[in-house]
Amino acid sequence: MPLLNEEEIRRYSRQIIVPEFGVAGQMKLGKGKVLVVGAGGLGSPVALYLAAAGVGTIGLVDMDVVDLSNLQRQVIHGTGDVGRPKVESAAEKLRRLNPHVYVETHHVAFGPDNAMDLLAPYDVVVDAVDNFHARYLLHDASYLAGKPLVEAGVLRFEGLMTTVVPRKGACYRCVFPEPPPPGTIPTCQEAGIIGPIPGVMGTLQAMEVIKLLTGIGETLSGRLLIFDGLGASFREVAIARNPKCPLCGEHPTIKDLSGHAAGWVCPPPAPPATP
Amino acid sequence: MRIKIKAFGTTYHLMRGGRESGEFELPPDATVEDALQVAGIDLQDVWITSVGGQQVKLDHLLKEGDEILVFSPVGGG
């Protein structure tokens, strides 16, 4: 195992001196491979903090291009990036931040046909997607691949997250067995989102990844964490594995990704109403 | 007895009057389901409910001062 060079020791010194983390933690991060699905509001802080911390390989999946309306929260992108693929824009910032990190970009739609192949090389998966279709697909694929998933969703002033460790804690479907019917739950582009909310939740996701890779601390496995930005409060709900869960229960009905529709794309937002 | 309800996610606007939290007067032995009905929340829109940090079912018996958290999933990113 290669030791850290002098530049790396200086770069990571403020976390290496934390006793629970140390050189051993740094080495584990350096060997870590993390796939971040979505390079938007959540993906921005996750990817930035993981790159800054020295996670060895970061994969980015996103098929979108940067839009001007993304910039109030998707802080990895700049005004000059409008129109560029998000993965390209994000990868450039990550490489600039930390050239020791290997960044792999996947400018593709995450679908049932490529999900397992995309996940295969990675140790930990981060859910930073913006719709329920992709969220359930990513969740099921991660579970079937046996990969820990750091899950978060945001809306308006709120964020909700948990960590799913396959066959250990509750999975997302233990709590929310089926996705809501399309159109019944608003997206950020419909209901709005205050920028720091994904900033907070994405940063917490990065912390979960660091704990999963290094083995320190307690993850959110078995717990839902809810951030109420308007009330400035965190709440927590213990969640147990559901024996009737269609994915991880005693008689699972989901054994592959064949139930997920291919080619689904988040519908474009309706134009703003004119007063 | 008086209990509180706080709604998160997309259930926030479903409480009577469009509120996202409130206090309600309920008879003794009221359940979570009773409280949600008093608050005007449609049960179809409720994904999980929690009291005291634990996930509870709709027939969970409430006691004075309980706070019910009502969640629907949030899918934005």
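All values reported here derive from a predicted model rather than from experimental measurement.
Heavy atoms from other residues, nucleotides or ligands lying under 6.0 Å from CZ of A:Phe176 number more than 12. The environment of B:Glu25 atom CD is dense: over 12 non-hydrogen atoms of other residues, nucleotides or ligands sit within 6.0 angstrom.
The OG atom of B:Ser50 lies 11.0 Å from the CD1 atom of A:Ile239; values are rounded to the nearest 0.5 Å. If you take SG on A:Cys174 and CD on B:Gln55, they are separated by 9.5 Å, rounding to the nearest 0.5 Å.
Contact of A:Leu224 with chain B is made through the side chain alone, with heavy-atom distances under 4.5 Å. With a threshold of 4.5 angstrom between heavy atoms, A:Tyr172 approaches chain B through side-chain atoms but not through N, CA, C or O. Only the backbone of A:Glu178 comes within contact range of chain B, with heavy atoms under 4.5 Å apart. With a 4.5 Å cut-off on non-hydrogen atoms, A:Val175 touches chain B through its backbone and its side chain both.
The two atoms that bring A:Ala238 and B:Gln54 nearest to each other are CB-OE1, 3.7 Å, heavy atoms only.
At a threshold of 4.5 Å between non-hydrogen side-chain atoms, the residues B:Phe71 and A:Ile226 count as touching.
A:Phe227 meets the ring-ring contact (aromatic ring centres under 6.0 Å, His included) test with A:Phe234; sequence neighbours excluded.
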Less than 3.5 Å apart, which donor and acceptor atoms pair up between the side chains of residues 57-70 of chain B and the rest of the protein, not counting sequence neighbours?
from    : atom 1 : to       : atom 2 : distance (Å)
B:Lys63 : NZ     : B:Asp66  : OD1    : 3.4
B:Glu64 : OE1    : B:Arg2   : N      : 3.1
B:Asp66 : OD2    : B:Lys63  : N      : 2.9
B:Glu67 : OE1    : A:Arg235 : NH1    : 2.7
B:Glu67 : OE2    : A:Arg235 : NH1    : 3.3

